[in-house]
Amino acid sequence: MVYTPALVLGHGIPIVSEEDNIVELMRKFLCQITSSDKKYVRRGSIESSEFIKAINSSLDSETALDCEERILQQDMTRQIVRCLSEAKESSLRCRILLLPRPLTANVALDVVRSSAGEPCGLRGAFIQVYLETQLGQQLQMLGTITPDPTVTPTFELSVVFKLDKDCWPPLKHIFVTDKVLKLRPQYRLVKKKLYSSASPVIHEFC
């Protein structure tokens with residue numbers, strides 16, 4: 001919108017454009033909304049009580065979605081941590097596995113958001129967790145996560161963690177159980193629809 005500047009003519013009376021009139025009306029409307037003691041009772045107008053209720057309903061809906069997303073994220077974070085804890089003693093065979101503090105929460109949030117739009121949401125996911133080592137960029141399976149075992153998976157997510165290159169032990173020490181491993185903040189997420197010919201979607205997170 002282009003605003004026309006007011007020009008003063010004659011006895012100091014400004015010429016106000018139609019855009020200025022609209023701006024003034026919008027200003028008054030905003031003042032009415034922000035006034036706590038204002039009663040919205042005019043039906044058929046933009047400041048009616050029905051309009052305000054519609055705004056509040058929309059805000060409540062967004063808040064509910066944010067709350068649901070946070071709950072799913074927290075639950076997924078716990079499942080990822082459990083998967084890594086089990087892999088620490090089984091497939092990784094290490095004494096300590098160091099994780100960047102926000103790593104699991106970030107991965108969990110991206111997993112939740114990747115399930116948006118799917119028929120069963122996150123419940124229809126089959127999640128495989130891998131570790132990308134420094135030995136020829138090989139992938140090592142760490143475990144699987146099934147959010148809802150009662151639901152037939154509709155899509156597959158592969159979470160690929162990356163090992164810190166300075167922490168991968170020499171070949172002769174791979175099976176030593178007292179080694180310390182550290183994961184990098186970067187990870188990869190690969191999404192594949194199980195009943196579709198579409199190519200997998202790969203996201204790299206830095």
Mutual orientation of the aromatic rings belonging to Y187 and F161 [parallel < 30°, tilted 30-60°, perpendicular > 60°]: tilted
Distance, nearest 0.5 Å, that separates CD1 of I80 from CD of Q73: 9.5 Å
N/O donor-acceptor pair under 3.5 Å between K179 side chain and L92 backbone: yes
Qualifying residues under side-chain contact (heavy atoms from CB on, under 4.5 Å), relative to E204, sequence neighbours excluded: K162, R188
E69 and Q74, any side-chain heavy atoms less than 4.5 Å apart: no
Distance (rounded to the nearest 0.5 Å) between F155 CZ and S114 OG: 7.5 Å
Interatomic spacing from CG in L194 to CZ in F126 - rounded to 0.5 Å: 9.0 Å
Separation of C83 SG from M76 CE (nearest 0.5 Å): 10.5 Å
Spatial distance of atom CG (L84) from atom CD (Q79) [nearest 0.5 Å]: 12.0 Å
Nearest heavy atoms of P153 and Y195, plus distance in Å: O-CE1, 3.3 Å
Closest non-hydrogen atom pair between L163 and L183, with its separation: CD1-CD2, 3.9 Å
Heavy atoms of other groups near K192 NZ, more than 12 under 6.0 Å: no
Output a table of donor-acceptor pairs, distance under 3.5 Å, between side-chain atoms of residues 98-109 and any protein atom two or more places apart or on a different chain; print 'none' if there are none.
{"residue": "N106", "atom": "ND2", "partner": "P102", "partner atom": "O", "Å": "3.2"}

Check ion pair K193-E156 (N to O, under 4.0 angstrom): no
Side-chain touch L189/S158, heavy atoms, less than 4.5 angstrom: no
Side-chain ion pair, R184 and E132, N-O less than 4.0 Å: no
R95/E89 under salt bridge (charged side-chain N to carboxylate O under 4.0 Å, His left out): CA gap, chis, key distance, verdict: CA-CA 7 Å; R95 180 172 55 86; E89 297 181 357; over 6 Å; no
Value rounded to 0.5 Å, distance of CZ in R82 from OG1 in T77: 11.5 Å
S91 side chain near M141 side chain, heavy-atom distance below 4.5 Å: no
Carboxylate-amine/guanidinium contact D110 R113, below 4.0 Å: no
Side-chain heavy-atom pair Y130, L142 within 4.5 angstrom cut-off: no
Min side-chain heavy-atom separation V190-V201 under 4.5 Å: no
Exercise answer: donor-acceptor pairs, residues 144-151 side-chain atoms, under 3.5 Å, sequence neighbours excluded:
{"residue": "D148", "atom": "OD1", "partner": "T150", "partner atom": "N", "Å": "3.0"}
{"residue": "D148", "atom": "OD1", "partner": "T150", "partner atom": "OG1", "Å": "2.5"}
{"residue": "D148", "atom": "OD2", "partner": "R123", "partner atom": "NE", "Å": "3.0"}
{"residue": "D148", "atom": "OD2", "partner": "R123", "partner atom": "NH2", "Å": "3.3"}
{"residue": "D148", "atom": "OD2", "partner": "T150", "partner atom": "OG1", "Å": "3.4"}

Joint hydrophobic cluster, F205 plus L131, side-chain heavy atoms closer than 4.5 Å: yes
Flag side-chain contact, heavy atom, 4.5 Å: V159 against Q128: no
